[in-house]
Protein chains: 2
Amino acid sequence: MNEIKIFSPATVANVSCGFDVMGFCLDTVGDEMVIRKVDKKGIVITKVEGFDLPLETELNVAGVSAIAMYNAIEVDFGFEIEIYKNIKPGSGIGSSAASAVGSVFGMNELLGRPFNKTQLTEFAIKGEALASKCEHADNLAPALFGGFTLVKSVSPLQVLEIPTPEDLYATIIHPQIEIKTSESRAVLPKEVKLSNAIEQWANLGSLVHALHTSDYDLIKSALKDVIIEPHRSKLIPLFNEAKSSAIDAGALGCGISGSGPSIFSLSKGLDVANNVKANFENVYADLVIDYDIHISKINTKGVKIIG
Amino acid sequence: MNEIKIFSPATVANVSCGFDVMGFCLDTVGDEMVIRKVDKKGIVITKVEGFDLPLETELNVAGVSAIAMYNAIEVDFGFEIEIYKNIKPGSGIGSSAASAVGSVFGMNELLGRPFNKTQLTEFAIKGEALASKCEHADNLAPALFGGFTLVKSVSPLQVLEIPTPEDLYATIIHPQIEIKTSESRAVLPKEVKLSNAIEQWANLGSLVHALHTSDYDLIKSALKDVIIEPHRSKLIPLFNEAKSSAIDAGALGCGISGSGPSIFSLSKGLDVANNVKANFENVYADLVIDYDIHISKINTKGVKIIG
């Protein structure tokens, strides 16, 4: 096998109470990439379609993670990468993570899988760092492992695979505004009240338990963020209205996807997820900003071969 | 049945990363209580042995929780309570919780179990509040439910039963010094660094996952407290030495039990728990303070009838 086509999924990081550690994987949104073994040594990005991203290997997230992996192997051949992006950079659903994951996953497959998923995450972290200026894995882990993941620590990297209840669907709306990374970082508090921190870890512990036991009521009562959302939600127009509309539609919870501006909602069953979509659309109908909207079952497989 | 004898167990609250929410139940340390149906209406405490605690119903933790429950039923008889305390008040292993739980559990049994465990916890909270001046359930929940519990919230009360890995043993040392509740509260920070809070909830989420999957290595790496222990450990002589000695003996983790002064350690297997005991004894051998030391399997049943 000298060439492979893969689907590298979008992901939702943070998941309300799980700021900086939790994430889950989407099924219906993602990039496609072709990875090809070629005679010439090194990594070359031959095509980027969909969005205007650099072809220079060292300036492209997929290229940087590919180089990190390539430097860890000894081969007398190289790789070409074609990128067909569907996930808009800066949307808050793991666009850079999908790129970073896709290249190393594809190369690993062509090499006969010398690396495990944790090792692939380590390589992908290098690519992700190019986009986000820091090493984190809360989008990479769900893209590679699928389902819900908890990144216990980045150094050393420790990714936990949390079970995914069967009937869980996400609705994601991406209001197409730009939030600068610097701005979304600047609003984060350096210190938080101990009482809020306790509430947050009670909720995260409960969410992990709820995912293990498929307890949808508990998922609903655990999906709260008393630390970050009060600050970051101010950067997203109509966030509170969107959240209320999701809950009104019967959603289990609703929060900021990554650092925004996308908003995620989780529902039990496709019907509720569709109702959330309709309510989201109503909320944003009168606004002069465009939006994308997606519904997806939780993707328990992660990045995969499609050709 | 007009009279029963019960065993009301000691418990460990907080459990390192689970400050204010997690707890687990012990098997080999606990109070015994006799609860008796009598013709005269009301609650009377007829005997307290072991430690010098008030016989007046309204001043005794077991009495106050019993009254809370008695006020919720309509009967033409009353209850007598005898208390044989083995858990020293102020030791940090749930002495007041054992009293508060024992009376309502025993009464509920004699009444034919009209209340479930969550309702019993609600009554017991009233007794616990007499001792600790605030309503909390992190010792009550494991005493009533057994095993590991996570108190998601007190109001409304929501107790989660987290699975207990088969081979888990606790070693507890109680250095017999007095830490005033006011002092152990005063050292708590009002605000904490966001980065520390994130580390703490990553660890708590991991601990819950580890208990679900019986992953002892993960239990070991999750049992850390970066928020409370650095402050409260200063109040406990030789805490750091004791903790190091437990880890040296192969323990999975070691931390402050409740608000101290007891120190708990968790181990995989009885042999390691015994080695921890020996190391604890070495650490405290040269000190002129007395100590009690206990080894216990995790008690997955909680409070129980013994006669």
Side-chain angles (χ1 to χ4, degrees), chain A residues 14-23 134 136-138 148-156 158-163 185 187-213 215 217-222 224-228 231, chain B residues 14-23 134 136-138 148-156 158-163 185 187-213 215 217-222 224-228 231:
Chain A
N14 294 340
V15 198
S16 296
C17 52
F19 179 71
D20 232 26
V21 302
M22 285 290 286
C134 73
H136 68 99
D138 41 349
F148 280 83
T149 55
L150 193 161
V151 179
K152 183 180 179 294
S153 68
V154 172
S155 179
Q158 211 172 346
V159 176
L160 313 183
E161 296 180 79
I162 315 293
R185 289 224 179 114
V187 297
L188 289 184
K190 294 255 183 305
E191 302 226 315
V192 300
K193 279 188 188 170
L194 176 58
S195 56
N196 284 343
I198 292 168
E199 188 176 344
Q200 193 94 344
W201 67 60
N203 281 325
L204 181 61
S206 299
L207 178 60
V208 172
H209 180 69
L211 293 170
H212 268 281
T213 54
D215 182 338
D217 289 336
L218 185 59
I219 292 173
K220 180 167 186 165
S221 83
K224 293 190 171 56
D225 175 3
V226 297
I227 303 266
I228 304 301
H231 302 282
Chain B
N14 294 339
V15 197
S16 296
C17 51
F19 179 71
D20 232 25
V21 301
M22 287 289 287
C134 71
H136 68 98
D138 42 349
F148 281 83
T149 55
L150 193 161
V151 179
K152 182 179 179 296
S153 68
V154 173
S155 178
Q158 212 173 344
V159 176
L160 313 182
E161 297 181 77
I162 315 293
R185 289 222 180 114
V187 298
L188 288 184
K190 293 256 183 305
E191 301 226 314
V192 301
K193 279 188 188 171
L194 176 58
S195 57
N196 283 343
I198 292 167
E199 189 176 344
Q200 193 93 345
W201 69 57
N203 281 325
L204 181 61
S206 300
L207 179 60
V208 171
H209 180 71
L211 293 171
H212 268 281
T213 54
D215 183 337
D217 289 338
L218 185 59
I219 293 173
K220 181 168 183 162
S221 82
K224 293 190 174 56
D225 174 4
V226 297
I227 303 265
I228 304 299
H231 301 283

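Every value quoted in this text rests on a predicted model; they were computed, and no experiment measured them. Reminder, nothing fancy here: chain letters follow the sequence lines and each chain counts from 1. The basis for the numbers below is simple: all heavy atoms, side chains too, and nothing from hydrogens, waters or symmetry mates.
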Can you name the closest pair of heavy atoms from [X] and [Y] and give their distance?
{"X": "A:Gly205", "Y": "B:Val208", "result": "O-CG1, 3.7 Å"}
{"X": "A:Leu160", "Y": "B:Ser206", "result": "CD1-OG, 3.4 Å"}
{"X": "B:Phe19", "Y": "A:Trp201", "result": "O-NE1, 3.0 Å"}

Any donor-acceptor pair under 3.5 Å linking the side chain of A:Lys152 with the backbone of B:Leu218?
no
Can you name the side-chain contact (heavy atoms from CB on, under 4.5 Å) partners of B:Ser153, sequence neighbours left out?
B:Pro156, B:Gln158
Restricting to side-chain contact (heavy atoms from CB on, under 4.5 Å), what partner residues turn up for A:Pro163, sequence neighbours left out?
A:His212
Could you tell me if the side chain of B:Leu194 sits less than 4.5 Å from the side chain of A:Ile228, heavy atoms only?
yes
Shorter than 4.5 Å, heavy atoms on both sides: which option in A:Ile162, A:Thr213, A:Asp215, A:Val151 has the most such pairs with chain B?
A:Ile162
Most contacts with chain B, counted as non-hydrogen pairs under 4.5 angstrom, among A:Glu191, A:Glu199, A:Lys193
A:Glu191
Is chain B contacted by the side chain of [X], its backbone, both, or neither, given a heavy-atom distance below 4.5 Å?
{"X": "A:Ala222", "result": "both"}
{"X": "A:Lys190", "result": "backbone"}
{"X": "A:Leu211", "result": "neither"}

Considering only heavy atoms and a distance below 4.5 Å, find which of B:Leu150, B:Val21, B:Asp20, B:Ile198 pairs most often with chain A.
B:Ile198
